[in-house]
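Here's the structure we're looking at; comments come further down.
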Amino acid sequence: MAESAVGFSPGHISGYFRRFDGDSMESTGSCGGGIVIDKGVYAVVTPARETSVSVNVARSADEDTCIARTSPPIEYALERLGVTATVKTITSLPPGAGFGLSAAALLATLTAANALFETGLTDDAIARLAHISELEHQTGLGDVAACTGGGIVCRKEPGISSSIIRMNGSGVTLSALSYGGLSTADVITSPAQMARVKEAYSAECAKSPQDFFRISREFAEKSGLIPEEIRPILDACDEHGIPASMTMLGKGVFALGDQSFSVLSEFGIPCELHVAEEGFRLIEVK
Ligand SMILES: Nc1ncnc2c1ncn2[C@@H]1O[C@H](COP(=O)(O)OP(=O)(O)OP(=O)(O)O)[C@@H](O)[C@H]1O
Ligand SMILES: CC(C)(CO)[C@@H](O)C(=O)[O-]
């Protein structure tokens with residue numbers, strides 16, 4: 001057996017969504033639109049007698065900080081795969097802030113573990129297991145489906161095997177600024193919040209990046225999910241004519257275009273993002 005394997009998955013920012021409960025896990029999830037981003041999660045997996053997971057945030061190219069020593073969705077998925085391993089996940093994005101990192105961490109880990117332990121899962125089977133783990137832990141609904149490819153996505157059916165419309169976003173620049181996390185589980189299990197989300201949801205697919213931000217912002221405003229703290233950032237984007245909306249589900253803003261970085265910089269340290277060209281993948285096996 002090889003000594004270690006590394007997997008990567010891009011993150012995903014949802015702009016608008018609606019929860020759907022099907023009659024199986026595969027058909028349960030969300031419909032909606034989002035952007036698969038070039039930044040995401042790397043997972044380094046090595047064989048071990050017992051599973052342990054460390055969650056790390058990269059501070060620079062060669063320095064990262066461990067922020068958690070457990071990840072229930074990953075521990076669950078590895079158990080279902082029938083393997084035990086040491087997992088180190090590394091990301092430069094803030095956790096819980098609407099970048100779909102639980103899904104990305106699952107996809108990166110399972111891709112690496114599948115190669116390392118030669119468990120023979122197809123990409124579809126990896127995505128199915130990651131999706132089931134997300135639902136079991138209430139950490140996401142549609143992020144896994146989105147991260148099976150790149151682009152600006154429109155998911156018209158819920159669940160893992162839905163057909164997804166992907167708009168090419170090469171050349172599109174985005175900025176995002178996070179003021180902290182929101183608990184995905186609290187929001188997606190709240191009947192009152194899901195009722196408002198359903199009311200706000202429009203099944204439209206965007207025709208352009210600008211159109212994507214229009215649909216997302218209309219949804220965010222109607223959904224009642226926008227935290228007060230981010231209102232001044234959205235107002236500043238509006239004043240400068242910059243398309244912007246809330247990162248679902250985090251206390252943050254994402255905005256379109258080269259000028260967005262300087263406007264978001266007035267409120268904190270934003271990160272520059274681009275639209276991912278492809279989804280989760282194996283990086284190396286050593
Ligand atoms: N980078 C990561 N590595 C390993 N596990 C993670 C990572 N990010 C999130 N998780 C797991 O997912 C759980 C819930 O994460 P949460 O859904 O709040 O974050 P997120 O996916 O970044 O945010 P969102 O779903 O709002 O986009 C965490 O408690 C952790 O167990
Ligand atoms: C629920 C959600 C908005 C955040 O995790 C996302 O997973 C989605 O679009 O289903």
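For ligands, and for the atoms within them, numbers begin at 1 and follow the listed sequence. Basis for what follows: all heavy atoms, side chains included, without hydrogens, waters or symmetry-related copies. Computed from a prediction, not measured in an experiment: that's the story for all the values here.
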Nearest non-hydrogen contact with atom 2 (C) of ligand 1 belongs to which option: Gly100, Gly98, Ala105? Ala105
Gly96 versus ligand 1: do any nitrogen or oxygen atoms come within less than 3.5 Å of each other? yes
Phe20 six-ring face occupied by Arg18 cation (under 6.0 Å, within 45°): yes
Residue, atom and distance of the protein heavy atom nearest atom 13 (C) of ligand 1 read Thr139 CG2, 3.7 Å
Considering only the protein, which heavy-atom contact is closest to atom 24 (P) of ligand 1, and what is its distance? Thr184 OG1, 3.5 Å
Of Leu249, Leu101, Ile74, the one whose closest heavy atom lies nearest atom 8 (N) of ligand 1 is Leu101
Could you say whether the N/O atoms of Met248 and ligand 2 ever approach to under 3.5 Å? no
Heavy-atom contacts with Pro72 under 4.0 Å: which atoms of ligand 1 show up? List them by number with element. 31 (O)
Closest non-hydrogen protein atom to atom 6 (C) of ligand 1, residue and atom name please, with distance? Ser71 OG, 3.8 Å
Which atoms of ligand 2 have any heavy atom of Ser30 under 4.0 Å away? 8 (C), 9 (O), 10 (O)
Do any nitrogen or oxygen atoms of Val53 come within less than 3.5 Å of a nitrogen or oxygen of ligand 1? no
Residues Ser52 and Arg69: side-chain donor-acceptor under 3.5 angstrom: no
Under 4.0 Å from one or more heavy atoms of Thr184, ligand 2 contributes atoms 5 (O)
Quick one: nearest non-hydrogen protein atom to atom 12 (O) of ligand 1, plus distance? Ser102 CB, 3.2 Å
Check whether the side chains of Glu79 and Thr51 place a donor and an acceptor atom closer than 3.5 Å, and report yes or no. no
Atoms of ligand 1 under 4.0 Å from any heavy atom of Thr89, numbered from 1 in the order shown, are 1 (N), 2 (C), 3 (N), 4 (C)
Below the 3.5 angstrom mark, is there an N/O of Leu141, backbone or side chain, next to an N/O of ligand 2? yes
Is a donor from one side chain sitting under 3.5 angstrom from an acceptor on the other, for Thr84 and Glu50? no
